[in-house]
Amino acid sequence: MNRLFQASVINNEKLVKDHYLLTLHPLEKIKKPKPGNFFMVAVNKGLDPLLRRPISIHRWLDGDFQLLYRVAGKGTSILSRNKPGDILEILGPLGRGFPLNIKSENIILVAGGLGIAPIFALAESLAGKNLSLFYGARTKTEVLCTRELNTIGVDPVISTDDGSLGGKDNIVNVLKRHVTRNPSLVTDHVLYACGPGPMLKALSMFAIKYKLKGHIALEQNMACGLGTCLGCVVKTSKGYKRVCKEGPVFSIEEIVW
Ligand SMILES: Cc1cc2nc3c(=O)[nH]c(=O)nc-3n(C[C@H](O)[C@H](O)[C@H](O)COP(=O)(O)OP(=O)(O)OC[C@H]3O[C@@H](n4cnc5c(N)ncnc54)[C@H](O)[C@@H]3O)c2cc1C
Ligand code: FES
C-alpha cells in the first residue's frame, strides 16, 4: 500500500490557544495506524518549509483520522491555517507503535502535554482493561480530551505546572506519591507513556526502580521520517537507534539517558 497519500481537510478546529484538532479524509485507502505510529505531514503545498512535520495518530475514525497538535513554530503555525477542503500531502503511517498484545489487564498511562495525542489513541485501543491515566499539562486550558476520555471510562489523575487544575506538581511526582502510598498500584502493571524528554527520563528512572515494565514514545527532530537521514538517532542499550524507524516507541529499559 502506498505510504505517500493526499488527504483533504475536513476540519481544523482550534481547541484552545495554539492547540488544534485536525480531521483528515485520505483520498485513497491507507493502512490503519497503530497508537504510537505517526505521519509526516507537509504543512502546505509550497517548498517552504521543505521538511514534513511528524505528528502522531490521535484518533482513527473508520478511514478518516485526527491529529492533535500544538503550534510550536513555523511548520505547525502554517498547518493551523489550513481550511476545510485544503489538500495535504502526507507520508505514513510510520514507525513502531505501542505493543497492544499484552497479557496484563492493568495499565498505567502517563501523558505530558501533547503526549496525550498518542496516549488517547492507546487508551481507546486498550479500552476494557483497567486503565489508570496520569496526565500533566502546563495549565488547565491545555488539559485536552477529558470528555472523550470519560466516554471510554478513563478518569485521569491531572496535575498542572501552575496548579490551575489538579495538583501543582509534575505528573511523575504525582505518580510517585500514589505508588509510595500504595505500592500494589504497580504490581502486575504495565506502563506506557509519552511526553517531553525530561518527563520520560524521570519516569523511566522511577519505573526501573519499581521493576515496572513498559514502553515510552520518544520525540526527536526528524527530517525524513523513513530511516535514511540518521537525524533522529538515540542511544540505546543495543547501540544507536532511529526514533522514526525502530521507534518512536521503545521499551523503558532500552533508552540510555
Ligand atoms: C514521532 C513524533 C510524533 C509527534 N507527535 C506530535 C503530536 O501528535 N502533536 C504535536 O503537537 N506535536 C507532535 N510532535 C512534535 C512536532 O513534530 C513538532 O512540534 C513540530 O515538528 C514542530 O515543527 P514547527 O515547524 O512548528 O516548529 P519548529 O520551528 O521546527 O520548532 C519549534 C520548536 O519545536 C521543537 N521541535 C521541532 N521539531 C520537534 C520534534 N519533532 N519533537 C519535539 N520538538 C520539536 C524545536 O526544537 C523548537 O524548539 C511529534 C514529534 C515526533 C518526533
Ligand atoms: S528522521 Fe531520518 S532517519 Fe529518522
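These figures come from a predicted structure and were not determined experimentally. Numbering of ligands and ligand atoms starts at 1, following listing order.
- When the heavy-atom distances from atom 7 (C) of ligand 1 to Val43, Leu114, Leu68 are ranked, the shortest goes to Leu68.
- Atom 14 (N) of ligand 1 is approached by the protein to below 4.0 angstrom, counting heavy atoms only.
- The aromatic rings of Tyr20 and Tyr69 sit parallel to each other, their planes meeting at less than 30°, with 60° as the upper class boundary.
- With Gly36, Pro54, Ala72 as candidates, the residue nearest to atom 2 (C) of ligand 1 on a non-hydrogen basis is Pro54.
- Although no hydrogens or angles enter the test, the distance criterion places a donor-acceptor pair under 3.5 Å between the side chain of Arg96 and the main chain of Val249.
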Inset, instruction - Please assess Ile255 against Ser204 for the test side chain to side chain contact (heavy atoms under 4.5 Å, CB included), listing each intermediate value before the final yes or no. - result: CA-CA 9 Å; Ile255 300 299; Ser204 299; 6.0 Å; no
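- Between His178 and Phe134, the ring-plane angle classifies as perpendicular under the 30° and 60° cut-offs.
- Distances shorter than 2.8 Å separate atom 2 (Fe) of ligand 2 from the protein N/O/S atoms Cys224 SG, Cys229 SG.
- Polar contact with ligand 1: absent for Pro248 (N/O pair, distance under 3.5 Å).
- Trp60 is not listed as a side-chain neighbour of Pro35, based on a closest heavy-atom distance of 4.5 Å or more.
- Using a 4.5 Å heavy-atom threshold, the side chains of Val110 and Phe206 count as separate.
- Of all the heavy atoms of Phe38, the ones lying under 4.0 Å from any atom of ligand 1 belong exclusively to the side chain.
- With hydrogens and angles ignored, the 3.5 Å screen pairs no side-chain donor or acceptor of Arg59 with any backbone N or O of Ile57.
- Scanning all protein heavy atoms for the shortest distance to atom 53 (C) of ligand 1 gives Gln220 O, 3.2 Å.
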Inset, instruction - Take Arg3 and Leu94, measure what side chain to side chain contact (heavy atoms under 4.5 Å, CB included) needs, and give me the verdict at the end. - result: CA-CA 8 Å; Arg3 283 196 300 179; Leu94 301 169; 3.4 Å; yes
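- Selection from Met40, His19, Arg70 by nearest heavy atom to atom 11 (O) of ligand 1 gives Arg70.
- For a threshold of 3.5 Å applied to N or O pairs, the pair formed by Gly73 and ligand 1 contains at least one separation below that value.
- Rounding to the nearest 0.5 Å gives a distance of 8.5 Å between CG of Asn130 and CD of Glu105.
- For atom 31 (O) of ligand 1, the protein comes within 4.0 Å by no heavy atom at all.
- Near Thr76, the atoms of ligand 1 lying under 4.0 angstrom from a non-hydrogen atom of the residue are 24 (P), 25 (O), 26 (O).
- Counting heavy atoms only, Glu219 comes closest to atom 42 (N) of ligand 1 of the residues Glu219, Arg52, Arg53, Lys74.
- Contacts of His58 with ligand 1, taken as heavy-atom pairs under 4.0 Å, are absent altogether.
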Inset, instruction - Applying side chain to side chain contact (heavy atoms under 4.5 Å, CB included), run through Leu144 and Tyr135 and close with a yes or a no. - result: CA-CA 10 Å; Leu144 307 172; Tyr135 179 12; 3.8 Å; yes
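- Of the protein's non-hydrogen atoms, the one nearest atom 3 (C) of ligand 1 is Ser56 OG, 3.3 Å.
- Judged purely by atom type and a 3.5 angstrom limit, His58 has no side-chain atom pairing as donor or acceptor with the backbone of Gln66.
- The environment of NZ in Lys213 is sparse: at most 12 heavy-atom neighbours from other residues, nucleotides or ligands sit within 6.0 Å.
- A side-chain contact (heavy atoms from CB on, under 4.5 Å) with Ile119 is found for exactly one of Val154, Leu114, Leu133, namely Leu133.
- Residue-level proximity to ligand 1 for Ala117 is carried by the side chain, the only part with a heavy atom below 4.0 angstrom.
- There is no protein heavy atom less than 4.0 angstrom from atom 18 (C) of ligand 1.
- Classification of Glu142 and Arg70 as a salt-bridged pair fails, no side-chain N sitting under 4.0 Å from a carboxylate O.
- For atom 40 (C) of ligand 1, the nearest non-hydrogen atom from the set Asn221, Leu67, Val249 belongs to Asn221.
- Atom 48 (C) of ligand 1 lies below 4.0 Å from none of the non-hydrogen atoms of the protein.
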